[in-house]
Every structure is written in C-alpha cells, then in structure tokens.
Amino acid sequence: MPNKIVFLLRLLPLLLIVLTSQATPSTQVLQAYNRDTISLNGDWQVIVDPYENGFYNYRYKPFDQQKNPPASAFFTDSKVTSSSQLLEYDFDKADSLEVPGDWNTQSDMLYYYEGSVWYRKKFDAHLEQASDRSFIYFGGINYRADVYLNGKKLGIHVGGFTPFHYEVTDLLKSQGNSLVIKVDNSRHADAVPTLNTDWWNYGGITRDVKLVIVPNVFIRDFSIHLASAKDKKVTAEVLLDGAVGGEMVELSIPELNLVQSVKVDNNGLATVEFDAKSAQLWSPKSPKLYSFKMKSEQDELIDSVGFRTIATFGKQLLLNDEPLFLRGISVHEEYSAKGNGRVRSAGDARQLLNWAASLNSNFVRLAHYPHNEHMVRQAEEMGILVWSEIPVYWTINWTNSETYQNAENQLSEMIGRDKNRAAVIIWSLANETPVSEQRNDFLEKLASKARELDNTRLLSAAMEKHYREDDAGVAVVEDPLAELVDIVSFNQYIGWYDGLPEKADRVNWQIPYNKPVFVSEFGGGAKAGYHGDKNTIWTEEFQQNLYQKNLAMLDRIDGLVGLSPWILSDFRSPRRLLTGIQDDFNRKGVLSNTGEKKKAFFVLRDFYADKRKLYEPTITP
Ligand code: GCU
C-alpha cells in the first residue's frame, strides 16, 4: 500500500470523527422479515376500477367518509342477500392476480394500465393467546394504497417502495377476515417520483404481505452497529412495544459469548454496549454475519447482523479503516427474464445480484427507489455493498409541502427498514435534480433529516455535470448539493447523449471538493446480438467502445472511489419506443433483460478485475 496512504491512515484515529449517534428504533417500523409470520401472499381477487366506482358515489363523494357506507362500496366486500338486490360487483366471481407481483406483467389488459385496482384477500387467523396483538405488514405497494379490514379503514399509504403496517388487534376475527385494498398507480406532478421517469410504472401489491401475531409486549424494532473498527465497540438499542418501563430485555451475540440484560425506560427503549473484541468485521471479502438475539419476558426476535465501519477521509473512502474502491453497477428492481416485471422473491433478487457479482462487482446502486428487502439482505449475505435511494427524481415539485413530507416519509421508511444492514453504506437523496433555490432548500432539509435518522452511513446524490464556459474541454461537477453530502456523485453520458465515444479522449474533469468522487451513471444502449462497426449506434461494438473510452477517461479523475455504470440489465421504460431495437426496453444494460452478456460486459468485468488486484492484492506470504 502506498506510503502516503499508510501515513494518512496512521493519522486516522486522531482525525477521523465517526459520529456514533445511530438510527434510533421507531414505532414507525415493524421488524417482520425474520419473524414467524402468516403469509398472505398468493392469489387475491381483483376488480379493475378505472372510474373508482367502488370508492366514490355518483356525486364523487368517497364512500368511506360516510357514517354507514353502502354495500356498493367495494371495501365492504358485500354479497347479495336477496334475489332482487342490485349489487354491481362480487369479489368471489372476480379475476385474480398473484401477490407479490405487479399487475402489468400478469395480464395483457393491464400492461399499460394506470389507475385503481381493488385487491381482496379472505383469511382466517388463529391467536395463541387472547392477549396477543396482530399487525398486517406490507413490503411495498405502488403507488397509493387505501387499506380496509372487515369493512373498516386501516389507513392510506403513499409511496411505492417502502414497507408499512397497521395494528389490527381489535378488528381481526378468527374466521373469514376480508382484507380489501384499493391500489392506485396513477402518476401525479406532486408525487415522489413525479409524472416523468425512465422506468415502467409497475402497479400493484408488488411485495410480500404478512399477518404478524406477537405478544402484547413485543420487540418491535432495534438498531445495532459498530462505532469503531479499532476498538470494536458495538452499540445496540431495542424498542419494547407495550412496555410500561422497567421490563428486562436480554441482548446477546451467542457466537461471541456476549450477553447483557438491560431494563427498558418508560418509552420501552434500552441501549447496550458490547465489547466485541473478537468480532470478525463484515466486508465484501468476508461478509461475516452474527446472530443477534433479543429476548424479553414474552417475546424473542433473532436477526443476522454484520459489523463494519464506513467513513471518508479527504478524498478517500474507508471501509473498516481500509481504502475502498466501489466496483459497482446500477440496478433497477426488475427481473423480467421470465416475462415478469418487479422482483418478487429472494430468488429473483439473487439472480440479479449473481449477474452483478459476475462483473467482479462489490457494489450495487439500487436505483431509483428503495428495492425489495430481499435485494438488500441477499446483497449482505453475498458481501455486496449497497447504495439505496429514494425516488426524488428529476423535476419534483420542490415548493409543495406535501411533496416534501412524502419524500421524508419514504426516506424514514427506507432507513427504518435497512438501518441494520451492514451492506448498506450510502443513502442517496436525489437523482439528476435541476439546481434551483427551492430544490436546494428541499434537499437540505432532507439531508439533515437523513443524518438525524442515521448518522452511521454516508450521504450522496446523483448530480450532473456542465462544461466550463471558457473551455468546452473541461467538464465540471459543481452543485450546492455537493456541500451537503459525503461523496460527490454524478451522472454523465459522454458518448451517448453528449457527443460520440471519442469525445471522452478529450475531456478533463474539474470537481472542486475535498471529498471522494463517485460516478453514479454513464453508459449507452446496445441490442444484444446486433453487431456492426463501433460507429454504428445500437451495436454491441458501439457500446463496447463507449465503455472503453469512458473508463479510460473516468479513471483519470483524482479522488475517484468507484463507479456504477448505467445499467446491469435492460429494463422496461415507456420512453424507449424504437421498434426492433428498444421495443419498450431501455437497452443500456451490459446484459440483456434475459442475461445475455453484451461485449461491454467484458470490458467492465476486466476493468474491475484490475481494480480488484490493485485494492485487494493477494496477501504475499
Ligand atoms: C438518466 C437517469 C436514468 C435513465 C438514464 C437513461 O441518467 O438517471 O434513470 O434511465 O439516464 O437515459 O437511460
């Protein structure tokens, strides 16, 4: 390792101030992934309702604001009670769709559909103890969900990519529960994301649905993390819901023989510190996970956690105090190899991450929204670092307070769910947002909220470049947002939207920040199997040349700590309409959507192989 780095690292403990406030457990979160839960996945009856006839009366008043909603309100899940009764819907006779899953790829009729679809699930529920409590947990519904159980409104959730739940203890019956959800994937200018995106607007209950039954005092949420790689102090917090204060919780990491009992305060919160001297640190080279066990008088929750630190030091990015290069790739949450759309299972997630790993990647930029929890947990098991982002994308309505609140809710739901995942090292706030005073204010608030929620990870955002007015050969990344984040990331498309690939030979970069630099997007399209000379657009050879030129240019940037080229595999987008080439797919993948490797795949894979040798030289005997 170069002496200069060794010297700097020796200074590190003195200079590096790793803030140790951590993500405090919250009542907004319900840790359900590792609990024994009752799956409500499978076939749900559905009614496509473009005029929302089941939600509004003919005077366009919502039925659920009436004291006694009529049988014609779909959420009552009514049946006719006499041969003369008029009722213009019947869930029992309706079609069905698979949950989890987007509706667009389950029915040709719904491929482009944007509007409301009613989902209905009937289920029984067996409570062990009369005092047990029950919750219905949703991994994610795109985009707005109006949720009803046994005719009663549980609530409304907005935001297509983060988990939410409702307590149903007082509503749940042992037999014949009717869970009805109006899912509306309509786009709105004030939404997050806004009207205009470059991905398919997959609607539906796209992630797992679970019935979670717990004791009346239960472990709702926790946080755990390593404050310093050097002295290996692990701090953990636990939230005991239903506690009055004084209850005991035993926290243990059995493999390290660490056990501590602690008393919760009257908010049900308790904090503990472990001296984890013998802990093996988590890293891509060795993604070591430990069982973390939480046990209260009535409840027990076990999760697997990894211990690592992430920090910056000047232009360096440090994982466990070691310099790190992010050999990344951007990924949409779409596994369409079998014709479907959104990732539905751990298997789909593993497939995408295996494709990333075959590039010699140690990092994925999960664009442009929080991905399925399967993606993050599989990445952690595989030793792949993660950038996770909220869909504050392009031309958000910066002046609308509800839009801001929506973005903040999605941020806190993302952090709430994944704050204990060692693989997640970066929260990203925005993608290619146009600079303005309103946008700067919006993102400044969001950045401080992110740090308040979790100060153990790094912040970034995908910014844009411009050229110097006095010298078109100098590309500049300069944005007020760069002052707010820890890593200066930017997207650039030299060779695709910006000149031809040879232009990369002539461009130099000016990035005036003493922070690590990360290239969050570059790339170009190619249809797999279409070959020609490197100057013919859409050929694999054109894309191959574009990668060669861009990698050579970007590798010259001072302080470059990684890349996540756009994108792992072709993905559906309503903006990509060139017949015979795009056919509804954005073709910038280094793989086709079915996993065929294009020539650019090998350029990137070999570039990363060299980086790997440089940063992870085999330990000489
Ligand atoms: C943008 C944007 C991506 C988009 C890509 C493209 O940089 O961030 O979401 O898909 O360019 O145009 O392919």
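Counting convention: from 1, in listed order, for ligands and their atoms alike.
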Numbered atoms and elements of ligand 1 in range of N491, under 4.0 angstrom, heavy atoms: 7 (O), 8 (O)

contact_flag Y393 ligand 1 heavy-atom lt 4.0 Å: yes

K598 charged N/C atom sitting above F601 aromatic ring, 6.0 Å / 45°: no

Any N/O pair N586/ligand 1 closer than 3.5 Å: yes

Ring geometry between F522 and Y547 (parallel below 30°, tilted from 30 to 60°, perpendicular above 60°): tilted

N-O pairing of D348 and K338 below 4.0 Å: yes

Where ligand 1 meets H368 - atom numbers and elements under 4.0 angstrom, heavy-atom basis: 3 (C), 8 (O), 9 (O)

Salt-bridge present (D418, R457; N to O < 4.0 Å): no

Atoms in ligand 1 with a heavy atom of Y497 nearer than 4.0 Å: 6 (C), 12 (O), 13 (O)

Contact check, F571 vs ligand 1, heavy-atom distance below 4.0 Å: yes

Atoms of ligand 1 close to R576 [distance to a heavy atom under 4.0 angstrom, numbered from 1]: 6 (C), 12 (O), 13 (O)

Check against salt bridge (Lys or Arg N to Asp or Glu O under 4.0 Å), D198 and R572: CA-CA 9 Å; D198 190 21; R572 283 195 185 86; over 6 Å; no

Identity of the nearest option to atom 1 (C) of ligand 1, non-hydrogen atoms only, from Q492, E432, R575: E432

Residue N431 vicinity, atoms of ligand 1 by number, heavy atom under 4.0 Å: 2 (C), 8 (O)

Beyond-backbone contact of Y369 with V392, side-chain heavy atoms, under 4.5 angstrom: no

NZ/NE/NH1/NH2 to OD/OE distance under 4.0 Å, D555 and K611: yes

Numbered atoms and elements of ligand 1 in range of K588, under 4.0 angstrom, heavy atoms: 6 (C), 12 (O), 13 (O)

Residue portion contacting ligand 1 (non-hydrogen atoms closer than 4.0 Å) for W199: neither

Member of S460, S564, S520 meeting the side-chain hydrogen bond (donor to acceptor under 3.5 Å, both in side chains) criterion with S489: S460

Numbered atoms and elements of ligand 1 in range of Y493, under 4.0 angstrom, heavy atoms: 5 (C), 7 (O), 11 (O)

